[in-house]
Amino acid sequence: MILPVHDRLRAHVAHLLTSLYALAPAETPPIVLDYPPNRDLGDLGTPLAFELARRLRKAPKAIAQEIASAFGTVEGVVGVSAAANGYLNFFLDRRPFLLDRLAGPAGTTLRDEARFAGKAIVEHTAINPNKAAHIGHLRNSALGDTLVRVLKFRGIPVEVQNYIDDTGVQVADVVVGFRVLEGKTFDEIRAIADSTRFDYFCWDLYARVTEWYDGDKEARLKHRTDTLHDIEHGGNENADIAAFIADRIVRCHLKTMARMNVDYDLLTWEGDILRLKFWAQAFDVLKAKGAVYLQTEGRLAGCWVMPIQEDEEPKAQSQEPEEAEEREKVIVRSNGVVTYVGKDIAYQFWKLGLLGRDFHYRVFALRPNGDPLWATCSTGGENDHPLYGGAAYVYNVIDVRQSYLQKLLKQALVAVGHPEGAERSHHFSYEMVALSHATARELGVAPAPDSEDAKRPFVEVSGRKGLGVKADDLLDTLTRNAGAEVGKRNAELGDEERLRIAQMIGIAAVRYFLIKFSRGKVIAFDLEEALSFEGESGPYIQYAVVRANNIFQKVQQRFGLDEAALLTSLKDIPAGELTGEHGTQDLWALVLEASRLDEVVDQVIRSLEFSVLAKYAFSLAQSFNAFYHRSPILNEERDDVRRWRAAAVIYVRDQLTRALDLMGITVPPRM
RNA sequence: GCGCCCGUAGCUCAGCUGGAUUAGAGCGUCGGCCUCCGAAGCCGAAGGCCACAGGUUCGAAUCCUGUCGGGCGCACCA
């Protein structure tokens with residue numbers, strides 16, 4: 001891990017600037033550290049002298065030289081040089097650097113600013129519990145779960161919540177499907193749930209209901225409204241059926257997500273937010289603070305509304321008085337029913353510990369690791385449950401189309417006097433998953449050749465129409481393909497082991513694929529591309545680690561050298577291979593790159609951009625592949641050289657394994 | 001109309017708070033490498049006025065303004 005070195009260097013240089021140029025700490029420019037293009041120039045460098053040139057009225061090169069000659073000593077740094085172009089470069093003490101890292105703890109230490117801040121809540125997945133999960137939901141949970149892992153790596157306590165909208169239109173529609181279209185009784189629905197892939201069954205049924213509505217909206221949509229009403233009020237059969245459906249579908253989703261190595265601490269049910277009157281509580285606060293008011297005239301008469309603050313200052317003169325009229329968002333409808341935004345405000349208040357009410361809690365299921373998975377409930381529940389809510393930071397992983405609502409959420413927090421809560425509420429937004437034209441054709445959902453849709457770069461998926469790639473189908477296909485490849489290469493493996501490995505590879509392929517694009521980009525999902533286990537893919541990185549493991553195992557067998565013995569011996573043997581005296585910097589360059597994981601994670605959390613992590617892991621794997629092709633380990637005759645190379649193999653293997661773990665990817669024993 | 005996002009090699013994309021001769025990957029194309037730690041691999045070649053125009057800066061793919069393309073959002077739906 002490299003960040004401690006960064007911190008030491010920055011502190012030292014900052015101190016140097018104050019004594020050298022009498023710069024007050026406030027005047028010192030931020031000290032940017034980066035990596036010179038090659039190891040001969042240095043290991044770390046800073047363009048600081050350019051920054052100071054104007055203020056000090058000196059040439060950058062002269063400044064760099066002054067700093068270099070006054071540099072003194074910093075632990076772990078053995079050299080400083082002022083490059084001809086004005087860069088200031090540092091050389092690290094290589095042997096202790098590598099030995100420290102091989103011996104050091106796995107995680108990073110929490111930096112001061114984060115240490116006492118409290119826990120973070122990450123909400124992700126939140127699939128409507130009325131049909132099977134699809135590829136778009138996978139992007140959400142892959143991003144959300146990676147965020148969780150990355151925050152934990154940083155030392156931040158995290159609570160993972162999955163929000164279940166069990167009282168919404170989508171569930172109501174499936175109830176309508178069962179009751180009105182199919183004429184099924186509750187018992188018959190139970191029988192169907194017990195004897196079919198229920199999430200798949202509902203997927204089709206939901207599409208049929210949507211189509212049926214379209215046939216005669218006037219008459220048929222009333223079924224939806226009535227059912228919705230029943231569900232909201234409870235104590236009737238429709239409500240019981242809706243609860244049953246939601247429960248069963250959520251269990252399907254959890255299974256799908258478990259395949260993806262995605263796990264949760266708590267399921268929060270919208271129904272409980274309603275029944276426990278979270279909204280009423282939040283509503284009182286909003287009213288008391290004047291954040292919402294009752295509109296008495298115009299088209300929104302009778303609604304409780306929240307004024308919408310525009311970001312831009314109104315362009316004063318240019319606007320007509322009528323147009324400058326304030327915009328309003330309805331929070332409570334004129335019929336007294338709260339909107340989605342209202343419920344979400346209450347939920348967000350609770351997440352931040354600002355509501356003053358809590359759920360009851362029950363155990364819903366067992367998690368893959370054997371711990372209980374908790375869910376909210378309205379009454380009863382266990383007395384002895386972990387504490388939930390009341391977080392210092394909240395990340396809501398929701399697609400970009402909800403940006404507007406998420407903005408309103410923050411406004412509500414500001415309006416009730418909690419600007420810091422708004423500050424600490426993050427909308428982790430990301431773009432949609434669509435289908436490539438090739439894949440749409442393959443699935444038989446291609447748009448008509450001369451339609452508008454055919455001209456677009458990708459084909460939209462639609463849960464309502466049942467168009468899209470179901471998550472489990474995709475995972476099945478990936479596993480099957482991976483299994484065939486594994487079988488080809490490892491004929492001696494038994495079926496069970498082959499399947500186990502194939503699953504690891506398949507998951508690596510999807511998860512990496514869903515992470516490697518920046519989140520602001522629409523993914524045009526292409527089956528063939530996602531199935532590819534070559535090139536920039538999860539399996540490529542797994543392969544590098546598997547090779548590293550193999551190589552080191554053979555080192556152990558052939559030379560009787562275990563890890564501990566190897567590491568101890570490194571203290572005393574000649575280090576020419578590491579220090580570059582043998583004419584190549586390859587080994588050191590690889591070690592230095594491998595050490596940057598913590599820096600990358602830091603950047604990932606700052607930017608919430610996981611493509612950075614994906615690219616880093618991939619290019620480290622690439623460097624490693626190139627390294628062992630060029631630098632033999634088992635066949636190397638010089639003992640000290642072999643030991644250093646083996647040490648590098650261990651370090652890179654460990655760092656890559658950690659990087660993969662952050663992406664929810666495990667390392668198979670062979671592949 | 002207003003707001004947000006995107007526009008980098010044939011295709012799909014990286015390029016973080018602006019910085020170091022040739023702007024990087026993957027796929028595809030072309031050419032090499034399995035008696036030598038597993039070829040899901042490695043090495044090499046071709047391929048780019050970083051949408052366009054201004055500006056800021058010692059220095060811009062990166063920051064600012066504008067233009068043009070494309071996507072999404074702006075419900076008493078969630």
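A note on names: the letters A, B, ... follow the listed sequences, proteins ahead of strands, and every chain is numbered from 1.
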A.B. asks: Expressed in angstrom and rounded to an integer, what is the separation of A:Ile164 atom CD1 from B:A78 atom C1'?
C.D. replies: 15 Å
A.B. asks: Any side-chain N or O of A:Lys516 below 4.0 angstrom from OP1/OP2 of B:U12?
C.D. replies: no
A.B. asks: Counting just side-chain N and O atoms, does A:Arg401 come under 4.0 Å of either OP1 or OP2 of B:A78?
C.D. replies: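 For A:Arg401, the contact criterion (side-chain N or O under 4.0 Å from OP1 or OP2 of B:A78) is not met.
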A.B. asks: At less than 4.0 Å, is any side-chain N or O atom of A:Lys521 found next to OP1 or OP2 of B:A14? Yes or no.
C.D. replies: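 True: A:Lys521 side-chain N/O within range (under 4.0 Å) of B:A14 OP1/OP2.
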A.B. asks: Between the base of B:A20 and the side chain of A:Asn85, is one N or O donor paired with an acceptor at under 3.5 angstrom?
C.D. replies: yes
A.B. asks: Which is more 5' along RNA chain B, the nucleotide nearest A:Leu88 or the one nearest A:Ala626? Just name the residue.
C.D. replies: A:Leu88
A.B. asks: Report the C-alpha separation of A:Arg670 and A:Glu492 in whole Å, then their side-chain angles, then the decisive distance to 0.1 Å, and conclude whether the salt bridge (Lys or Arg N to Asp or Glu O under 4.0 Å) test is met.
C.D. replies: CA-CA 12 Å; A:Arg670 48 199 321 182; A:Glu492 75 289 357; 3.1 Å; yes
A.B. asks: Please compare A:Val522 and A:Glu51 by the position of their nearest nucleotide in RNA chain B and report the one closer to 5'.
C.D. replies: A:Val522
A.B. asks: With a 3.5 Å limit on both atom pairs, tell me what B:C4 is paired to, counting Watson-Crick and G-U wobble, or say none.
C.D. replies: B:G71
A.B. asks: Record whether the side chain of A:Asn625 comes under 3.5 Å of the base of B:A39 through a donor-acceptor pair of N or O atoms.
C.D. replies: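 Between B:A39 and A:Asn625, which were checked side chain against base, a qualifying N/O pair under 3.5 Å is absent.
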A.B. asks: Out of B:A78, B:C36, B:A20, which nucleotide sits closest to the side chain of A:Asn635?
C.D. replies: B:C36
A.B. asks: Ignoring hydrogens and angles, are the base of B:C4 and the side chain of A:Ser403 linked by a donor-acceptor pair under 3.5 Å?
C.D. replies: no
A.B. asks: Can you confirm whether A:His629 is buried at NE2, in the sense that more than 12 heavy atoms of other residues, nucleotides or ligands lie under 6.0 Å from that atom?
C.D. replies: yes
A.B. asks: Under 4.0 angstrom, heavy atoms only, what part of the nucleic acid is A:Val337 near: base, sugar-phosphate, or nothing?
C.D. replies: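 Touches nothing.
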A.B. asks: Under a 3.5 Å cut-off for both distances, is B:C52 Watson-Crick or wobble paired, and to whom?
C.D. replies: B:G66
A.B. asks: Pick the C1' atom in B:C27 and in B:A51, then give their distance to the nearest Å.
C.D. replies: 24 Å
A.B. asks: Measure CG/A:Leu294 against P/B:C76 and give the value in whole Å, please.
C.D. replies: 15 Å
A.B. asks: Among B:A39, B:A78, B:A20, which is the nearest nucleotide to the side chain of A:Arg547?
C.D. replies: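 So the nucleotide nearest the side chain must be B:A39.
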A.B. asks: Taking only side-chain nitrogens and oxygens of A:Tyr35, does any of them come within less than 4.0 Å of OP1 or OP2 of B:C16?
C.D. replies: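 Checking B:C16 against A:Tyr35, no side-chain N or O comes under 4.0 Å of OP1 or OP2.
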A.B. asks: Starting at atom OH of A:Tyr512, determine the distance to atom C1' of B:A25, rounded to an integer number of angstrom.
C.D. replies: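 After rounding, the gap between these two atoms is 9 Å.
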A.B. asks: Just to be sure I understand the rule, does A:Glu599 reach a base, reach only the sugar-phosphate, or reach nothing, if contact means heavy atoms closer than 4.0 Å?
C.D. replies: nothing
A.B. asks: How long is the line joining CZ of A:Arg327 and P of B:C74, in whole Å?
C.D. replies: 10 Å
A.B. asks: Assert yes or no for the condition that the ring centre distance of A:Phe428 to A:Phe610 is strictly below 6.0 Å.
C.D. replies: yes
A.B. asks: Which part of the nucleic acid does A:Phe50 contact within heavy-atom distance under 4.0 Å: base, sugar-phosphate only, or nothing?
C.D. replies: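 Answer is base: heavy atoms of A:Phe50 come under 4.0 Å of a base.
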A.B. asks: Partner lookup for B:G59, please. Criteria are Watson-Crick or G-U wobble with both distances under 3.5 angstrom; report none if nothing qualifies.
C.D. replies: none
A.B. asks: Does the gap between the ring centers of A:Phe458 and A:Phe525 come in under 6.0 Å?
C.D. replies: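 So the answer is no for these two rings.
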A.B. asks: Taking any heavy-atom pair under 4.0 Å as a contact, classify A:Val486: base, sugar-phosphate, or nothing.
C.D. replies: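 Base, at least one base heavy atom under 4.0 Å.
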A.B. asks: Could you tell me the separation between the CD atom of A:Glu431 and the P atom of B:C13, rounded to a whole number of Å?
C.D. replies: 12 Å
A.B. asks: Taking pairing as Watson-Crick or G-U wobble with both contacts under 3.5 Å, can you name the mate of B:U21, or confirm there isn't one?
C.D. replies: none
A.B. asks: Measuring to OP1 and OP2 of B:U17, would you say a side-chain N or O of A:Ser607 lies under 4.0 angstrom away?
C.D. replies: no
A.B. asks: Stacking between B:G41 and A:Tyr543, yes or no? Criterion: centroid separation under 5.5 angstrom, plane angle under 30 degrees.
C.D. replies: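 It does not: the ring fails the test against the base of B:G41.
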A.B. asks: Quick one: A:Ile308 CD1 to B:G3 P, roughly how many Å, whole number?
C.D. replies: 15 Å
A.B. asks: Are the aromatic rings of A:Tyr540 and A:Phe618 close, with centres under 6.0 Å apart?
C.D. replies: yes
A.B. asks: Find the distance A:Glu609:CD to B:U62:C1' and express it as a whole number of Å.
C.D. replies: 15 Å
A.B. asks: By the 4.0 Å heavy-atom rule, please label A:Gly520 as base, sugar-phosphate, or nothing.
C.D. replies: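 Answer is sugar-phosphate: A:Gly520 comes under 4.0 Å of backbone atoms only.
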A.B. asks: With heavy atoms under 4.0 Å as the rule, sort A:Glu534 into base, sugar-phosphate or nothing.
C.D. replies: sugar-phosphate
A.B. asks: May I ask you to say what A:Ser429 touches in the nucleic acid, namely base, sugar-phosphate or nothing, with a heavy-atom cut-off under 4.0 Å?
C.D. replies: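 Nothing, no heavy atom under 4.0 Å.
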A.B. asks: Phosphate oxygens OP1/OP2 of B:G26: is one of them under 4.0 Å from a side-chain N or O of A:Gln622?
C.D. replies: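 So the side chain of A:Gln622 is within the cut-off, an N or O lying under 4.0 Å from OP1 or OP2 of B:G26.
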A.B. asks: Any idea if B:C36 is syn or anti, going by the 90°-from-0 cut?
C.D. replies: anti
A.B. asks: Using a cut-off of 4.0 Å on non-hydrogen atoms, how would the nucleic acid contact of A:Asn550 be classed: base, sugar-phosphate, or nothing?
C.D. replies: base
A.B. asks: Name the pairing partner of B:C42, where a pair is Watson-Crick or G-U wobble with both distances under 3.5 Å, or state none.
C.D. replies: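 In the structure as shown, B:C42 has B:G32 as its Watson-Crick or wobble partner.
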A.B. asks: Using atom C1' in both nucleotides, what's the gap between B:U65 and B:G48 to the nearest angstrom?
C.D. replies: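 Rounded to whole Å, the distance is 26 Å.
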A.B. asks: Taking 4.0 angstrom as the limit, do A:Glu431 and A:Arg139 come out as a salt bridge?
C.D. replies: no
A.B. asks: Check for me whether A:Arg464 meets the cation-pi criterion with A:Tyr206, that is, NZ or CZ under 6.0 Å from the six-membered ring centre and within 45 degrees of the ring axis.
C.D. replies: no
A.B. asks: Salt-bridge test for A:Arg653 and A:Glu563: reply yes if a basic N is under 4.0 Å from a carboxylate O, no otherwise.
C.D. replies: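 Yes.
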A.B. asks: What distance, rounded to whole Å, do you find between the two P atoms, one in B:A53 and one in B:G15?
C.D. replies: 24 Å
A.B. asks: For A:Arg299 and B:C76, is the shortest distance between a side-chain N/O and OP1 or OP2 below 4.0 Å?
C.D. replies: yes
A.B. asks: Look at all strands and tell whether A:Thr46 reaches a base, only sugar-phosphate, or nothing, counting heavy atoms closer than 4.0 Å.
C.D. replies: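 Nothing, no heavy atom under 4.0 Å.
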A.B. asks: B:C52 and B:U62: how far apart are their P atoms, nearest whole angstrom?
C.D. replies: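 About 11 Å, rounded to a whole number of Å.
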A.B. asks: Remember a base hit wins even if backbone is also touched, and classify A:Asn549 as base, sugar-phosphate or nothing at under 4.0 Å, heavy atoms.
C.D. replies: nothing
A.B. asks: Between A:Phe283 and A:Trp304, is the ring centroid distance below 6.0 Å?
C.D. replies: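 Here the rings of A:Trp304 and A:Phe283 have centres that are less than 6.0 Å from each other.
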A.B. asks: Once you apply the 3.5 Å cut-off to both distances, tell me the Watson-Crick or G-U wobble partner of B:G10, or none.
C.D. replies: B:C27
A.B. asks: OP1 or OP2 of B:G73 sitting under 4.0 Å from any side-chain N/O of A:Tyr404?
C.D. replies: no
A.B. asks: Over how many whole Å does the gap from A:Lys329 atom NZ to B:C76 atom C1' extend?
C.D. replies: 9 Å
A.B. asks: Which part of the nucleic acid, if any, lies within reach of A:Tyr540 when heavy atoms closer than 4.0 Å are counted: base, sugar-phosphate only, or nothing?
C.D. replies: sugar-phosphate
